[in-house]
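Just so you know, these numbers come straight off a predicted model, no measurement behind them.
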Amino acid sequence: VQLQASGGGLVQAGGSLRLSCAASRRTISMYAVGWFRQAPGKEREFVAGINRNSVTYYADSVKGRFAVSRDNAQNTAYLQLNGLKPEDTAVYYCAARAGTILSSTQRYERGTDYGYWGRGTQVTVSS
């Protein structure tokens, strides 16, 4: 599967953005999807994940502000970013994990849990 993240931009603190992760070559319904971010000078960190059965889970830092979803018919996953803060500034990446069963509720929060990565999209939050 090939992934392409989009939707990033410059937004003021408190604003919102919606990131998209479009899949090609394979149907996204066969994959668990994760969102990660990497700020300058920092390590990549897990943000949110959604399993094949649409079970979702989040990093504590974004819980209640961000929402991950998927639309298998559109072959796309989404990350809705609300209540953005300057510390949310980063390049955001989507990733896909193959081989998960449909009923899995396991959390996949490590980068090594995912075998497919898209190019990132920059999110910049001004204060």
Side-chain angles (χ1 to χ4, degrees):
V1 66
Q2 289 188 334
L3 305 172
Q4 179 62 57
S6 62
L10 173 63
V11 64
Q12 289 187 334
S16 298
L17 284 172
R18 188 194 197 199
L19 306 184
S20 298
C21 176
S24 60
R25 296 200 175 188
R26 293 285 188 273
T27 174
I28 203 171
S29 65
M30 300 302 294
Y31 300 85
V33 175
W35 287 91
F36 292 77
R37 66 186 181 186
Q38 187 165 20
K42 295 187 177 181
E43 293 187 353
R44 182 178 60 193
E45 65 174 354
F46 169 78
V47 175
I50 183 166
N51 286 354
R52 292 180 61 197
N53 51 16
S54 294
V55 168
T56 60
Y57 43 97
Y58 301 89
D60 288 343
S61 59
V62 306
K63 199 174 297 182
R65 298 189 298 122
F66 291 8
V68 60
S69 61
R70 64 192 303 154
D71 185 339
N72 291 336
Q74 296 296 321
N75 222 24
T76 302
Y78 302 96
L79 184 66
Q80 178 69 41
L81 288 63
N82 298 322
L84 282 162
K85 304 175 181 180
E87 52 263 43
D88 294 320
T89 295
V91 178
Y92 284 70
Y93 300 89
C94 62
R97 174 186 171 90
T100 61
I101 60 175
L102 183 59
S103 59
S104 174
T105 58
Q106 186 172 345
R107 297 170 65 104
Y108 304 105
E109 299 180 1
R110 301 173 302 176
T112 53
D113 288 333
Y114 296 86
Y116 304 91
W117 292 81
R119 292 187 177 182
T121 184
Q122 175 72 46
V123 172
T124 303
V125 185
S126 62
S127 57

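Between D60 and K63 there is a salt bridge, with a side-chain nitrogen of the basic residue lying less than 4.0 Å from a carboxylate oxygen of the acidic one.
Taking every heavy atom of both residues into account, T76 and S20 meet most closely at CG2-CB, 4.1 Å. For the pair S16 and N82, the tightest heavy-atom approach, listed with the atom from each and the gap, is OG-OD1, 2.9 Å. Across every non-hydrogen atom of A23 and V1, the tightest pair is CB-CG2, 3.8 Å. Between V91 and Q122 the shortest heavy-atom distance is CG2-OE1, 3.2 Å. Contact detail for D113 and E109: the closest heavy-atom pair is OD2-N, 3.2 Å. Closest approach of A39 to T89, counting heavy atoms only: CB-O, 3.6 Å.
A 6.0 Å sphere centred on CZ of R119 holds no more than 12 heavy atoms belonging to other residues, nucleotides or ligands. Environment of OH in Y116: sparse, with no more than 12 heavy atoms of neighbouring residues, nucleotides or ligands closer than 6.0 Å.
Note: the hydrophobic cluster containing Y114 does not contain Y78 (ILVMFWY, side chain heavy atoms under 4.5 Å, direct or indirect links). Under a hydrophobic clustering in which Ile, Leu, Val, Met, Phe, Trp and Tyr are joined whenever their side-chain heavy atoms come within less than 4.5 Å, directly or via other members, Y31 and Y93 fall into different clusters.
Each of V33, N51, I50 was compared with Y108 under the side-chain contact (heavy atoms from CB on, under 4.5 Å) criterion, and only N51 meets it. Tested against V68, the residues V62, T56, V47 include a single side-chain contact (heavy atoms from CB on, under 4.5 Å) partner, T56.
In this structure the side chain of V11 never reaches within 4.5 angstrom of the side chain of L81, judged on heavy atoms. Residues R37 and S61 are in side-chain contact: their nearest non-hydrogen atoms beyond the backbone lie under 4.5 Å apart. At least one side-chain heavy atom of T105 sits under 4.5 Å from a side-chain heavy atom of N53.
Side chain of R52 to backbone of S29: a donor-acceptor contact under 3.5 angstrom is found. The backbone N or O of G83 lies less than 3.5 Å from a partner atom in the side chain of R65, making a donor-acceptor pair. In this structure, N75 contributes its side chain and A22 its backbone to no donor-acceptor pair below 3.5 Å. No donor-acceptor pair closer than 3.5 Å links the side chain of T121 to the backbone N or O of Y92.
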For this session: Start with the C-alpha distance between W35 and F66, add both sets of side-chain angles, then the distance that settles side-chain contact (heavy atoms from CB on, under 4.5 Å), and finish with yes or no.
Result: CA-CA 11 Å; W35 287 91; F66 291 8; over 6 Å; no
For this session: Determine, stepwise, if the pair Q4 / S6 fulfils side-chain hydrogen bond (donor to acceptor under 3.5 Å, both in side chains).
Result: CA-CA 7 Å; Q4 179 62 57; S6 62; over 6 Å; no
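Expressed to the nearest 0.5 Å, how far CE of M30 lies from CG of L102 amounts to 9.0 Å. Interatomic distance, CD1 of I28 versus CG of D71, reported as 9.5 Å (0.5 Å rounding). With values rounded to the nearest 0.5 angstrom, C21 atom SG is found 9.5 Å from R70 atom CZ.
Using a 30° and 60° split on the angle between ring planes, F46 and F36 fall in the perpendicular class, above 60°.
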